[in-house]
Amino acid sequence: MELRALRYFVTVADELHFGRAAERLHIAQPAVSRRIAALERELGVRLLDRSPRRVRLTEAGRRVLAAAREALAAVDRVRVAARECAGVMRIGTGAGQFTARLERGIDALRERPRDSTSCSSTCR
């Protein structure tokens with residue numbers, strides 16, 4: 001199961017309209033329809049009742065929507081956790097001997113393997 005399919009489904013469920021969901025996702029409407037249909041086949045249930053006039057969640061769609069929101073929130077938490085210790089450091093210098101020494105130091109830091117324990121100990 002792809003996260004993209006879950007995102008598309010959640011967006012369609014929020015909008016209850018494939019066209020508006022596609023606009024929000026910045027993709028073509030047929031791509032959203034195909035992805036939702038594939039998700040339904042994969043799960044073996046209908047998630048949405050479609051008619052020319054409206055789109056409604058089925059009972060299974062309501063259950064899957066709650067689980068999909070939880071899954072996407074968990075993915076967001078994983079991304080945040082991965083970036084907690086990441087940061088950007090900008091150093092500015094003028095020309096001279098110090099610049100060459102600084103560049104060698106930065107190169108040495110880049111070559112050093114990352115130690116996950118050092119990140120966790122400095123982030124606490």
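Values below: all heavy atoms of this structure, side chains included; hydrogens, waters and symmetry mates excluded. Just so it is clear, the structure is predicted and the values come from calculations on it, not from any experiment.
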Least distance between heavy atoms, [X] atom then [Y] atom:
X	Y	value
Arg50	Glu40	NH2-OE1, 3.0 Å
Ala71	Leu6	CB-CD1, 4.2 Å
Val12	Ala21	CG2-CB, 3.6 Å
Ala28	Ala22	C-CB, 3.9 Å
Ala5	Ile36	O-CD1, 4.4 Å

[X] vs [Y] side-chain heavy atoms within contact, under 4.5 Å:
X	Y	value
Arg69	Asp14	yes
Arg79	Asp76	yes
Thr58	Val45	no
Val55	Glu15	no
Tyr8	Leu39	no

If only side-chain N and O atoms count, and only distance matters, is there a donor-acceptor pair under 3.5 Å linking Gln29 with Ser33?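 Note: Ser33 and Gln29 side chains meet the donor-acceptor criterion.
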
Check the surroundings of atom CZ in Arg46: do more than 12 heavy atoms from other residues, nucleotides or ligands lie under 6.0 Å from it?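 Enclosed.
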
Apply side chain to side chain contact (heavy atoms under 4.5 Å, CB included) to the pair Leu57 and Leu65, showing each step before the final yes or no. CA-CA 9 Å; Leu57 284 167; Leu65 178 60; 3.7 Å; yes

Which is it for Arg62 and Glu59 under the salt bridge (Lys or Arg N to Asp or Glu O under 4.0 Å) test, yes or no, and what are the steps along the way? CA-CA 5 Å; Arg62 283 189 283 281; Glu59 184 60 38; 2.9 Å; yes

Within the distance-only criterion (no hydrogens, no angle test), does the side chain of Glu2 pair as donor or acceptor with the backbone N or O of Arg35 below 3.5 angstrom?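 It does not hold such a pair.
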
